[in-house]
Structures are given as C-alpha cells and as structure tokens.
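None of the values given here were measured: they were computed from a predicted structure.
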Amino acid sequence: MIAVCLACLFVVGGDPAVARASMARASAAAPSECQKQERQAGGGRVRGVVAPHGVRGRARTRDRGRALRLSHALEPRLPGPAAVARMNADLRRRLGVLFGAHAARHGGGSGSHAPEPGEIRVPLWVHIIKDGMLGLPDSAVDRQVQALNEAYGGKFGGVDTRVRFDLKGVTHTENHAWFRDPLGNEAALKDKLRVGGPETLNLYMAQLGELVLGYSTYPYWYGDKPGLDGVVIDWRSVPGGPLRNFNRGFTAVHEIGHWLGLLHTFENGCDAPGDSVDDTPPEAHATMGCPKRKDTCPAPGDDPVHNFMDYSHDRCMREFTTGQAARIRKMWAAYRDPDRAR
C-alpha cells in the first residue's frame with residue numbers, strides 16, 4: 001500500500017495521461033488512494049500538444065480514448081535567425097582575438113580549426129525546488145549526472161565530446177511558486193540560488209507546464225545577463241522519471257547542449273546556415289516520436305533524428321557529432337573558459 005501511494009505521489013502534478021496510465025497499473029492494489037491523488041492533481045484535464053518549431057499554425061491534438069503521446073512544446077526564449085546571426089558573428093570575432101584570423105573565418109561552423117582538444121570539466125550545481133512532497137528526489141541526482149556524462153562521452157553512440165560534468169553540490173528549496181512557475185519567477189530564484197561564474201553549470205529542477213520540458217540560456221547571453229545563466233528542466237524527465245517517452249535524462253542533455261552553445265538541428269529549417277554545424281544534415285522541422293527515417297530537406301542526408309539536439313523521444317536520441325563537439329569547444333573558449341573568456 002505504501003509503495004502504491006508513493007507511486008501516485010511521483011506522478012501528481014505530471015502529465016495527466018501519464019498519471020492515468022500509472023494509476024491504472026496500480027488500481028488493483030489501491031484504487032481509492034490513487035484516484036484521490038489524481039483528483040488532487042487535476043487529472044481530468046488533457047492538454048493539447050504545441051506544434052514544433054518550423055511547423056506553421058497552431059496544430060493541436062486531443063486524447064480520444066487513448067493516452068496522449070507527450071510531445072515537446074517550444075522552449076521559451078529561443079533565439080531567432082537574426083539573434084543566431086549575431087551570436088555566430090560574435091563567436092567569430094572572439095575566436096579571432098583568441099586564436100587569429102584563420103580560426104575566426106571558421107568560427108561559426110564546425111571546421112577543423114578548433115581550440116586544443118583538452119577535456120572540458122564543467123562544475124555542476126543542482127538546485128532542487130520542491131512543493132511539499134512534489135519534486136526531484138535526491139536519489140535521482142546521481143542518475144542524471146551519469147546520463148549527462150555518458151551522453152557527452154559518446155556512450156550511447158556518436159562522438160565523445162570530451163565534456164564532463166563534476167557535481168559540486170545540491171541545494172534544496174521549498175517554494176510553491178518557484179516550483180510551479182520557474183520561468184515566471186526566474187530572476188528571483190536564480191538570484192538566490194545561482195553560484196559560480198560562466199564556467200559553472202547551474203541546473204534547476206522544477207516543474208514546467210504546457211509540455212515544456214526545459215529551457216536554457218546560451219553562452220553569448222552571459223555577458224549581458226550573467227545572473228540568468230543556467231538550465232531549467234522538468235524534474236519528471238530525469239532517468240526513471242514519470243514522463244513517458246522523456247524519462248532517460250536526455251532533456252537535460254539537450255538543454256545543456258544549448259548552454260554549451262549548440263543550436264537545434266532544425267534551426268532555420270532547410271536554409272543555411274542551419275545549426276551552424278557542417279556534419280548535421282539540414283532539417284525542415286523538429287522530429288516528433290522516433291521515426292525510422294525522416295528526410296525533409298533537398299540537401300543530401302536524412303534528418304538527424306537520433307541527435308540530442310532534435311526533439312525526438314528519449315529512446316531515439318543517442319549522439320552528438322564531431323562538428324557539434326568542435327562548436328562546443330569554440331563556444332567554451334570564447335565565453336565560458338574562466339582563463340580566456342572576457
């Protein structure tokens with residue numbers, strides 16, 4: 001009975017379809033307890049799915065007797081094409097100052113003129129924000145950090161980016177408003193919790209709504225607003241979490257990719273410069289689910305549906321490319337390396 005109630009608590013406040021599926025499995029043991037938790041969570045409401053970046057209109061789907069497939073919504077504050085152009089231009093300028101004109105000419109892309117290939121060790125602070133019983137359990141922190149290091153180390157496929165994350169500490173904050181609306185309370189919560197400089201990753205675990213799984217700042221933004229630097233993810237997306245299709249910890253992998261300077265593989269659709277990486281084929285729009293293959297642009301190559309910087313389900317994601325690893329290294333040298341970045 002206790003185990004069943006704990007399972008219910010883990011999905012309270014989560015996606016209603018996920019909650020209902022979990023409760024159905026447990027109903028034979030304790031139907032009344034789980035049904036009570038579902039009512040408290042507002043489980044009778046089914047939300048629509050927001051169309052992915054690059055898909056026009058306001059396409060939405062509804063549950064018609066089946067569990068709704070969770071899908072990505074747009075991350076808040078995504079840079080548009082003009083902002084990406086400014087970002088790449090500033091990267092080239094900074095690389096020119098650090099490494100000379102030749103490196104600057106290749107700065108926006110993934111050419112071979114990258115900074116030296118030493119290992120990047122990122123100090124990591126995890127900030128757990130809770131609302132009573134709801135929130136990330138401490139036992140999940142190590143699993144998430146392991147998933148980060150395995151993904152960036154090429155353990156699931158793709159290249160070893162030579163980026164590693166060193167957990168320095170975990171903080172705990174009880175705050176209903178911050179937990180339920182971290183975006184609306186972003187300045188206040190980061191002002192209180194954030195530690196370190198541009199090289200320190202602050203990972204905030206709260207609960208996001210409307211199918212937003214997480215969001216991040218970019219290295220280019222640090223100079224103007226250092227206090228907002230960091231990554232926010234939905235605590236339910238960690239390895240073993242209750243978000244079906246997004247529970248292997250790859251939401252954090254994806255958002256930290258932005259924090260390290262990577263763009264979506266579907267950035268700018270089929271038009272150049274795309275995601276500013278040479279070895280990720282162009283992609284007209286984000287991937288939903290886990291298709292066997294997808295080819296949405298006339299340029300050579302299938303869409304990179306297995307790339308961590310797409311929107312595929314976690315079971316579909318497995319890789320970064322050599323070009324993405326090179327861009328991370330350039331961004332780190334230009335914006336986050338405390339011995340270089342200014």
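A donor-acceptor pair is defined here as one N or O able to donate and one able to accept, closer than 3.5 Å; such a pair exists between the side chain of N185 and the backbone of D181. Under a 3.5 Å cut-off, the side chain of Q144 and the backbone N or O of G249 do form a donor-acceptor pair. N307 places no side-chain N or O within donor-acceptor distance of the main-chain N or O of D310, the cut-off being under 3.5 Å. The backbone N or O of P239 sits less than 3.5 Å from a side-chain atom of R143, completing a donor-acceptor pair. In this structure, the side chain of R336 engages the main chain of W259 through a donor-acceptor pair within 3.5 Å. Without hydrogens or angle criteria, K190 side chain to G227 main chain gives no donor-acceptor distance under 3.5 Å. At least one donor-acceptor pair under 3.5 Å links the side chain of N247 to the backbone N or O of G241. Here the side chain of D279 pairs a donor or acceptor atom with the backbone of G323 at under 3.5 angstrom. In terms of modelled atom types and a separation under 3.5 Å, the side chain of D314 and the main chain of R248 share a donor-acceptor contact.
Only one option out of D275, N88, D278, T321 pairs with R327 in a side-chain hydrogen bond (donor to acceptor under 3.5 Å, both in side chains); it is N88.
For Y218, the ring-ring contact (aromatic ring centres under 6.0 Å, His included) partners are W221, H258, not counting sequence neighbours.
Between Q207 and D131, every side-chain heavy-atom pair lies at or beyond the 4.5 Å cut-off. Under the 4.5 Å side-chain criterion, counting only non-hydrogen atoms from C-beta, L260 is in contact with V163. Proximity of T265 to Q324: side-chain heavy atoms (C-beta onward) are separated by under 4.5 Å at one or more points. Put simply, the side chain of M317 does not reach to within 4.5 Å of the side chain of F156, judged on heavy atoms.
Not less than 6.0 angstrom separates the ring centroid of Y152 from the ring centroid of F308.
The nearest pair of heavy atoms linking L91 to A334 is CD1-CB, 3.7 Å. Shortest non-hydrogen contact noted between P282 and D303 is O-OD1, 3.5 Å.
Using a cutoff of 4.0 Å between basic side-chain nitrogens and carboxylate oxygens, R94 and D90 are scored as salt-bridged.
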Please list every donor-acceptor pair under 3.5 Å in which a side-chain atom of residues 195-203 meets a protein atom from a residue at least two apart or in another chain.
| from | atom 1 | to | atom 2 | distance (Å) |
| --- | --- | --- | --- | --- |
| N202 | OD1 | H127 | NE2 | 2.8 |
| N202 | OD1 | V195 | N | 3.0 |
| N202 | ND2 | V195 | O | 2.9 |

